[in-house]
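What you see below is based on every heavy atom in this structure, not just the backbone, and it leaves out hydrogens, waters and symmetry mates. Just so it is clear, the structure is predicted and the values come from calculations on it, not from any experiment.
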Amino acid sequence: MSEQPLEPELEAFLLRIVPGLAEAWRGCTPEEIAQVELIAGRPLPSFYRWFLSRMGRSMGPLAYPTLDFSAQRVLACYADGLISTDPRFLLIAYETDEMMSEHLFYDFSASTREDALVTRRDAEGGPLSDMFSTLREMLARGALFRFRVRKMPQQCDGMVRGNNPDFLSHLDSAMSRLGFTKPISTGHRCRLYDRPDAAMICDGLPRGGVENRLSFTLGGSSDGALRRILGEVAMEPSLEVKVYRWTPELR
């Protein structure tokens, strides 16, 4: 009997939308995962264990241009003294662009849903630039953006705002009526929606952001199709939609 994946929802989603991923991603060994866990000084989030087991050596088409998420790089940074061990932070991606001084870290003070907040900071510490509530959301959002939204003939960027704390349930209802599904479960600062002819990402700062609004990028077949989607969303009680940019620009 084949072993069931630890992240069946995300794994199925990524394999569906990312061409050639199954042949290209490569995980690291249990021994390497154990070494990373030793550096962390605590049990690794189960999501990160899945990530390392699937992509700890190569992310294949999901790889970021200048961020090295490999366990080999993480271990080398600690072995070389570039990063000091810290019970709160764990390096998860090294920035290879010399013009960029900040790397990606887990912040275990904001652990959630078998994962943890992803933040940017200098190797030696300093101010934090929070990125995503979880690594799971970072990977799923990046995949939907690169392999679905940006492949669409027309895109638009904007903001959706609600008049009550439960505004996301209204957004979910509107998108469901429009035939969209949510490929993975997310927290309150991220929403991902997909259907065959359109895709949408919504996100906001994981800490310190305005709670009742999210930025969005929507991709589809035409500006008319996108206007129909956003018009339906705007009809939902308590929701307001604003578009700031069209790509390509409308004539």
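One distance of note links CG of Asp203 with CE of Met138; it measures 11.5 Å at 0.5 Å rounding. Atom CD in Glu9 sits 9.5 Å away from atom NZ in Lys182 (nearest 0.5 Å).
Between Ile39 and Leu91 there is no side-chain heavy-atom pair separated by less than 4.5 Å. Annotation: side chain of Thr112 is not in contact with side chain of Leu117 (no heavy-atom distance under 4.5 Å). Using a 4.5 Å cut-off on side-chain heavy atoms (C-beta onward), Trp25 and Pro61 make no contact.
In this structure, Arg195 contributes its side chain and Leu178 its backbone to a donor-acceptor pair below 3.5 Å. The main-chain N or O of Gly187 is found under 3.5 Å from a side-chain atom of Glu137 such that the two form a donor-acceptor pair. In this structure, Glu37 contributes its side chain and Leu44 its backbone to a donor-acceptor pair below 3.5 Å. For the pair Asn212 (side chain) and Asn163 (backbone), a donor-acceptor distance under 3.5 Å is absent. Here the side chain of Ser176 pairs no donor or acceptor atom with the backbone of Ser173 at under 3.5 angstrom. Using modelled atom types, no side-chain atom of Asp157 and backbone atom of Tyr244 make a donor-acceptor pair closer than 3.5 Å. Listed for the Arg146 side chain is a donor-acceptor partner under 3.5 Å among the backbone atoms of Leu62. In terms of modelled atom types and a separation under 3.5 Å, the side chain of Thr181 and the main chain of Pro183 share no donor-acceptor contact. Judged by distance alone, the side chain of Gln154 and the main-chain N or O of Pro248 form a donor-acceptor pair under 3.5 Å.
The only option from Phe132, Phe51, Tyr48 that meets the ring-ring contact (aromatic ring centres under 6.0 Å, His included) definition with Tyr106 turns out to be Tyr48.
Salt-bridge annotation for Asp194 and Arg16: present, with a side-chain N of the basic residue lying under 4.0 Å from a carboxylate O of the acidic one. The existence of a salt bridge linking Glu32 and Arg57 is confirmed by a sub-4.0 Å separation between a basic side-chain nitrogen and an acidic carboxylate oxygen.
In this structure, a donor-acceptor pair under 3.5 Å is absent between the side chains of Glu95 and Ser101.
Linking ILVMFWY residues whenever their side-chain heavy atoms come closer than 4.5 Å, directly or via other members, places Leu67 and Tyr78 in the same cluster.
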